[in-house]
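Data block below; observations after.
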Amino acid sequence: MTVKVLFFAGLREALGTGSESLALPGGVATVGGLRDLLAARGEPWSALATTKNLRVALNQQMVGLDAPLKGGDEVAFFPPVTGG
Amino acid sequence: MTVKVLFFAGLREALGTGSESLALPGGVATVGGLRDLLAARGEPWSALATTKNLRVALNQQMVGLDAPLKGGDEVAFFPPVTGG
Amino acid sequence: MTVSVQEADFDAGTEIAALSAGRDDVGAVASFVGLVRADKAAGASAGTDAVQAMTLEHYPGMTEKALQEIVTEAQGRWELQGVRVIHRVGRLLPGERIVFVAVASSHRGDAFAACEFIMDYLKTRAPFWKKEETPAGGRWVDARESDDSAAGRWATN
Amino acid sequence: MTVSVQEADFDAGTEIAALSAGRDDVGAVASFVGLVRADKAAGASAGTDAVQAMTLEHYPGMTEKALQEIVTEAQGRWELQGVRVIHRVGRLLPGERIVFVAVASSHRGDAFAACEFIMDYLKTRAPFWKKEETPAGGRWVDARESDDSAAGRWATN
């Protein structure tokens, strides 16, 4: 299955990209699994494992790392929000 | 000694007057004493004794009935405030 | 000018903007506008006995002093950068603005707390009285216990 | 229109007035304006390391949805007659307005509580990020624990 992955703010800058489309290998079933898959690419992607209090949104709703993935999902990784 | 007495809102309407200047007899030494003196005039002045939660300001500061009077004081009687 | 008692209406946007105009250290402005409600008549059932107008009486001289004291008390309790209080007097119609309070601070918690504190104290300590006009005639608004308890929250022991 | 995410500035007075326009049952409008502070740079000492500008990034699509959810949550907790939220994005200078929240209600207690609730939740749940420009370069603002604890106050058990 394929998912769309988005990155924002400091994480977007560290990775040098704001989004990608990704075909997931069979073993990746949760947003946490997706995070680990990306972090395993090495620098700069390990920022996904080291960012303090990394937040995840699945289809534009905040979720925990155990949220399950399905094809066509939009997954966004970002640091804690600082608006307002 | 002489004091200025003011009345506001429903009390002003009940008494039919908003202010008077009053020379106090010797025994009246507090705003409570002044209140009793005025209330003793009979109707409609007894409203000063029957108004629920009557408030008193002495020289434009809220005070209790035991506040002492001196010549030239401005004493205001009124119901609880309802602004805002 | 911190406190105004006036017949004229006010513009909340102008007053809010004035509290941070020409400075770059204000982070937060909390404000409040109170309006005349047509359905406010005490004990009125829906649709009947509506308020047609309201007249605000006050104690000239003491009013300004009392409002300023409330502001000074708020300034002692929180770190504030500016405060503006406007209270209208005279005859007002339903939907019209009665009162405005705005508080500027570096931090939003202080701004919110001070703004609500000033409104609560104003309701119980500033010498204003409302008289409502209804189809049944004029009547003075009774003070509400809920206002006393709102002000009581802020008591320091 | 309840929620707007926009580059353009706003006028608080116009927005506040719109919440009670044409009706006579609104008694209270509580509102909040957040502004860019020059001295806000984390750990900056006075006079040095001042913020020269700020850029607000957001997550288009989710932002509007998250703000609407916060408003809906507030409407479930308090009796509200109207809510308006505006959050600016893009580059802003010190003294410029960032965010606006206004809440109309019959009663001031509900208006104040809901306005502060929306600000607290917005600070921790709406996907905005601030990057400050200082003489030492650009840096992303760190989330503050005080914002988490402010939002935590409203948790229902």
Side-chain angles (χ1 to χ4, degrees), chain C residues 9-17 19-40 46 50-53 81 93-109 111-113 115-117 119-120 122-123 144 146-147 149-150 153, chain D residues 9-17 19-40 46 50-53 81 93-109 111-113 115-117 119-120 122-123 144 146-147 149-150 153:
Chain C
D9 195 11
F10 52 83
D11 179 67
T14 303
E15 301 297 337
I16 291 169
L19 287 176
S20 65
R23 51 196 295 181
D24 58 16
D25 59 339
V26 173
V29 181
S31 65
F32 180 83
V33 175
L35 305 115
V36 181
R37 277 167 50 198
D39 61 338
K40 209 176 176 219
V51 174
Q52 297 168 315
Q81 295 169 314
L93 301 175
E96 284 202 82
R97 285 172 278 269
I98 304 173
V99 62
F100 176 76
V101 175
V103 175
S105 176
S106 303
H107 304 290
R108 75 180 186 286
F112 272 118
C115 188
E116 194 164 10
F117 168 89
M119 273 306 303
D120 285 349
L122 184 157
K123 285 255 177 191
R144 296 186 308 164
S146 61
D147 286 329
S149 61
R153 291 187 291 162
Chain D
D9 195 10
F10 52 82
D11 178 66
T14 304
E15 302 296 339
I16 290 169
L19 287 176
S20 66
R23 52 195 296 181
D24 58 16
D25 59 340
V26 173
V29 180
S31 65
F32 180 83
V33 176
L35 305 115
V36 181
R37 276 165 51 197
D39 60 339
K40 209 179 175 214
V51 175
Q52 296 169 315
Q81 296 169 314
L93 301 176
E96 284 202 80
R97 286 172 277 269
I98 305 172
V99 62
F100 176 77
V101 175
V103 175
S105 175
S106 302
H107 304 290
R108 76 181 186 285
F112 271 117
C115 188
E116 194 164 11
F117 169 89
M119 272 307 302
D120 285 349
L122 184 157
K123 285 256 177 191
R144 295 185 308 164
S146 62
D147 286 330
S149 61
R153 291 187 290 162

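All chains are named by letter (A, B, ...) in the order of the sequence lines, taking the proteins before the strands, and each is independently numbered beginning at 1.
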How far does NE2 of C/H107 sit from OG of D/S146, to the nearest 0.5 angstrom?
8.5 Å

Highest number of heavy-atom pairs under 4.5 Å with chain C: which of [options]?
| options | answer |
| --- | --- |
| D/G22, D/G27, D/G95 | D/G27 |
| D/V26, D/T14, D/V99 | D/V26 |
| D/D120, D/I98, D/V36 | D/D120 |

Applying a strict 4.5 Å limit to non-hydrogen atoms, the region of C/A21 in contact with chain D is neither

State, to 0.1 Å, how close [X] and [Y] come at their nearest heavy-atom pair, and which atoms those are.
| X | Y | answer |
| --- | --- | --- |
| D/I16 | C/A12 | CD1-CB, 3.9 Å |
| D/E116 | C/G109 | OE2-CA, 4.4 Å |
| D/G13 | C/D11 | CA-OD1, 4.3 Å |
| D/P94 | C/D24 | CB-CB, 3.7 Å |
| D/L35 | C/A28 | CD1-N, 4.1 Å |

A side-chain contact here means heavy atoms from C-beta on lying under 4.5 Å apart; do D/F32 and C/S31 qualify?
no

Please examine the side chains of D/R108 and C/D147, heavy atoms only from C-beta on, and report whether any two atoms are closer than 4.5 Å.
yes

Checking heavy atoms, do the side chain of D/V103, its backbone, both or neither come under 4.5 Å from chain C?
neither

Structural part of D/A102 lying under 4.5 Å from a heavy atom of chain C
neither

Any donor-acceptor pair under 3.5 Å linking the side chain of D/R37 with the backbone of C/S106?
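Present.
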
If you tally heavy-atom pairs under 4.5 Å against chain D, which of C/A17, C/C115, C/A150 wins?
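Counting heavy-atom pairs under 4.5 Å, the top option is C/C115.
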
